[in-house]
Amino acid sequence: MITCYLNYKIDPKKIKEFEHYAKLWIPLVNKFGGTHHGYFMPSEGANNIALALFTFPSFAEYEKYRNDSFNDNECIDAFKYAEETDCIISYERSFFRPVFN
């Protein structure tokens with residue numbers, strides 16, 4: 001199991017646009033076999049940081065999702081929406097593996 005952690009720097013004047021973008025991706029990750037754990041929007045503290053977490057059974061399945069997403073019309077539309085609204089300034093992607101015992 002691999003969990004992707006996305007740390008977004010967003011435009012605080014475009015939080016509604018970013019939240020719409022987030023809602024587009026949750027079902028898309030699930031459609032490709034992942035489990036989305038949600039987006040986390042600014043509340044207290046920094047007003048320009050948002051997070052997302054989602055899990056795939058393996059890194060290979062995550063990579064398949066990433067490659068396939070570039071050819072999926074719904075994903076392409078979500079990418080275009082972020083570009084058109086310019087709601088994302090930058091992001092960092094990290095991967096984690098769980099420890100349960």
Side-chain angles (χ1 to χ4, degrees):
M1 176 186 298
I2 192 86
T3 298
C4 182
Y5 163 83
L6 286 162
N7 181 4
Y8 291 94
K9 184 174 180 185
I10 62 174
D11 183 336
K13 296 176 186 166
K14 297 181 179 179
I15 287 179
K16 287 183 183 181
E17 290 85 351
F18 181 81
E19 190 166 339
H20 177 76
Y21 170 80
K23 289 177 181 179
L24 293 173
W25 275 105
I26 292 169
L28 292 174
V29 167
N30 295 335
K31 168 183 164 179
F32 283 93
T35 301
H36 210 295
H37 306 294
Y39 279 79
F40 301 86
M41 303 299 294
S43 179
E44 296 297 319
N47 68 349
N48 66 338
I49 302 298
L51 307 174
L53 292 165
F54 55 89
T55 301
F56 276 86
S58 68
F59 192 73
E61 289 186 49
Y62 165 80
E63 294 242 313
K64 180 173 177 8
Y65 145 75
R66 284 285 293 164
N67 290 329
D68 291 348
S69 72
F70 295 119
N71 297 311
D72 180 86
N73 289 332
E74 289 177 294
C75 293
I76 291 167
D77 288 346
F79 290 132
K80 284 181 184 176
Y81 177 82
E83 189 175 305
E84 290 168 359
T85 62
D86 209 21
C87 60
I88 300 169
I89 296 168
S90 64
Y91 66 92
E92 296 175 3
R93 184 183 295 121
S94 299
F95 297 92
F96 297 89
R97 60 177 176 78
V99 176
F100 295 116
N101 298 347

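Computed from a predicted model, the values in this text were never measured in an experiment. We're numbering straight along the sequence, starting at 1.
- Summarising the geometry of F18 relative to M41, their closest heavy-atom pair is CD2-CE, 3.6 Å, with the distance given to 0.1 Å.
- Closest heavy-atom contact between S69 and C75: O-CB, 3.1 Å.
- Nearest heavy atoms, G33 versus P57: O-CD, 3.9 Å.
- The 12-atom threshold is not exceeded at OH of Y91, counting heavy atoms of other residues, nucleotides or ligands nearer than 6.0 Å.
- Taking OG1 from T3 and CZ from F96, the interatomic distance works out to 9.0 Å, rounded to the nearest 0.5 Å.
- Separating the OH atom in Y5 from the CZ atom in F40 is a distance of 10.5 Å, to the nearest 0.5 Å.
- Criterion: ILVMFWY side-chain heavy atoms under 4.5 Å apart, direct or through other members. Under it, F95 and L51 are not part of a common hydrophobic cluster.
- The structure places CD1 of I88 at 10.5 Å from CD of E83, a figure rounded to the nearest 0.5 Å.
- The line from CD of E61 to CZ of F32 is 13.0 Å long, rounded to the nearest 0.5 Å.
- Looking only at side-chain heavy atoms (C-beta outward), H20 and T85 stay at 4.5 Å or farther from each other.
- For the atom pair I89 CD1 and I49 CD1, the distance stands at 8.5 Å (nearest 0.5 Å).
- Side-chain contact check for E17 versus Y81: some heavy-atom pair is nearer than 4.5 Å.
- Neither L53 nor Y65 shares a network with the other; the hydrophobic side chains, linked directly or stepwise wherever heavy atoms of I, L, V, M, F, W or Y lie under 4.5 Å apart, form separate groups for each.
- Annotation: the span from S58 atom OG to E63 atom CD amounts to 9.5 Å, rounded to 0.5 Å.
- P12 has its side chain within reach of N48: a pair of non-hydrogen atoms, C-beta onward, lies under 4.5 Å apart.
- Taking the six-membered ring for Trp and the full ring otherwise, F79 and F70 have centroids separated by under 6.0 Å.
- Between C4 and V29 there is no side-chain heavy-atom pair separated by less than 4.5 Å.
- A donor-acceptor contact shorter than 3.5 Å links the side chain of N30 to the backbone of H36.
- In this structure, the side chains of L6 and F54 come closer than 4.5 Å at one or more pairs of heavy atoms.
- Of all non-hydrogen atoms in W25 and Y39, the two that sit nearest each other are CB-OH, 3.4 Å.
- Y21 and Y8 have perpendicular rings, their planes meeting at more than 60° on a 0 to 90° scale where under 30° would count as parallel.
- Hydrophobic clustering places I26 together with L28 (ILVMFWY residues linked when any side-chain heavy atoms are closer than 4.5 Å, directly or through intermediates).
- Shortest non-hydrogen contact noted between I10 and I15 is CD1-CG1, 4.1 Å.
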